[in-house]
2 protein chains.
Amino acid sequence: MFSIGELSKRTKVKVPTIRYYEEMGLLAEAERTSGNQRRYDKAGLERLSFIRHARDLGFSIEAISSLIELQEHPDRSCEAATDIATSQLEEVRAKIKRLRTLEKELSRISKGCDGEGVLGDCYVLASLADHNLCDREH
Amino acid sequence: MFSIGELSKRTKVKVPTIRYYEEMGLLAEAERTSGNQRRYDKAGLERLSFIRHARDLGFSIEAISSLIELQEHPDRSCEAATDIATSQLEEVRAKIKRLRTLEKELSRISKGCDGEGVLGDCYVLASLADHNLCDREH
DNA sequence: CTTGAACCTCTAGTCACTAGAGACATTACA
DNA sequence: TGTAATGTCTCTAGTGACTAGAGGTTCAAG
């Protein structure tokens, strides 16, 4: 059994974040010492590692909740879990696509201005003021 | 002179968002009718278009504030504006990089599981539980 | 047995909005 | 001119996923 600080060190999840996850129902309520401090075991560590890993991959708290619920029924079909992962993948791909468009636009804007002139003629500001100067929609 | 709703239609920025921008100091306080309703002119429209466009490109409210301040001194060097745009571009590139890593990882996880088995053997859940199953850091 | 670090709960703040309540203003039409 | 519908006003609270801080308690080392 170890303390919340120890759990924090091992998982690299900050202490207040662990308490937050408990409040959100991602982590079961921890056992307590007689002095009301949380104590964790290996199961708690594994659960939090799972959450941390999923968060790193961009899964929302809600999605993680669903995944955890699924974990608790190992006999069921794993279609639902695969669905969640796939839709997360789609979201990531959509974000990448959008960011690539922005990248092109921003790089065009940055390049258009060498930073040496005066703001009155600045291409950065002009581009932002006038959408028509853009190559494409975004 | 036109109303906030009209301005909203023309810029595609929602009415409460316009009021929010005013509160945040991005938009000057609008003139009012005798009945206390906001009225805008061409200058207000242009200013809001600028803000909208910059937000679309992912600039933070704070960055936009700086850009607007710069706009008000057309005699100064445009280096600062270029800096803001460039750092925004760097942020976007960093995000893309990170998301690409996630994409690879998620696609590996999704592919590992055809959704036909049972949760107890689900590769999606196993991958999330055990970081060691990952190809690389993320 | 004392000290100091770690822990507890609770509230409030972050960002960029969004939603809703309840009251007042404007506009279109009869 | 009357009225009904739509628009607008302010204010408060909620979103997601935390983070920061106050003020108090408990633990572990020496």
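The shown structure was predicted, so the numbers you read here are calculated from the model rather than taken from an experiment. So that the names make sense, note that chain A is the first sequence line, chain B the second, and so on, each numbered from 1.
Of the candidates dT8(D), dT26(C), dC18(D), dT8(D) carries the atom nearest the Ser3(B) side chain, counting heavy atoms from C-beta on. With dT8(D), dT10(D), dC17(C) as the choices, the nucleotide that has an atom nearest any side-chain atom of Arg32(B) turns out to be dT10(D). Considering only side-chain atoms of Ile61(B), the nucleotide from dA16(C), dT18(C), dT26(C) that sits closest is dA16(C). For Asn36(A), the side-chain atoms get nearest to dC8(C) when compared with the rest of dT26(C), dA16(C), dC8(C). In this structure, of dT9(C), dC9(D), dT26(D), it is dT26(D) that holds the atom nearest to the side chain of Gln37(A). Nearest nucleotide to the Pro16(A) side chain, out of dT19(D), dT26(C), dC27(D): dT19(D). In the set dC8(C), dA28(D), dT19(D), dC8(C) carries the atom at the smallest distance from any side-chain atom of Ile4(A).
Between Thr17(B) and the phosphate of dA16(C), there is no side-chain N or O to OP1/OP2 separation shorter than 4.0 Å. Neither OP1 nor OP2 of dT8(D) sits under 4.0 Å from any side-chain N or O of Arg38(B). A sub-4.0 Å separation between OP1 or OP2 of dC15(C) and a side-chain N or O of Ser60(B) is absent. The phosphate of dC18(D) has OP1 or OP2 within less than 4.0 Å of a side-chain N or O from Tyr21(A).
The backbone N or O of Leu57(A) sits less than 3.5 Å from a side-chain atom of Gln88(A), completing a donor-acceptor pair. Judged by distance alone, with hydrogens and angles left aside, the side-chain atoms of Ser8(A) form a donor-acceptor pair with the main-chain N or O of Val13(A) at under 3.5 Å.
Mapping Phe59(B) and Thr33(B) onto DNA chain C via the closest heavy atom, the residue that lands nearer the 5' end is Phe59(B).
Judged by the 6.0 Å distance and 45° axis criteria, Arg10(B) is positioned over the aromatic ring of Phe2(B).
Between Met24(A) atom CE and dG14(D) atom C1' there is a gap of 13 Å when expressed in whole angstrom units. Rounded to an integer number of Å, the gap from CZ of Phe2(A) to C1' of dC7(C) is 16 Å. Put simply, CD on Glu62(B) is 12 Å from P on dT14(C), counting in whole angstrom units. The nearest whole Å value for the distance from the CZ atom in Arg19(A) to the C1' atom in dT9(C) is 8 Å. Rounded to whole Å, atom C1' of dC15(C) lies 9 Å from atom CZ of Arg55(B). Atoms NZ (Lys14(B)) and P (dT18(C)) sit 4 Å apart, rounded to a whole Å. When the P atom of dA16(C) is taken as reference, atom CD1 of Ile51(B) falls 13 Å away, rounded to whole Å. Between the C1' atom of dC17(C) and the CD1 atom of Ile64(B) lies a distance of 13 Å, rounded to the nearest Å.
Counting non-hydrogen atoms of other residues, nucleotides and ligands closer than 6.0 Å to CD of Glu103(B) gives a total above 12.
Atoms CD1 and CD1, on Ile96(B) and Ile96(A) in that order, are 8.0 Å from each other to the nearest 0.5 Å.
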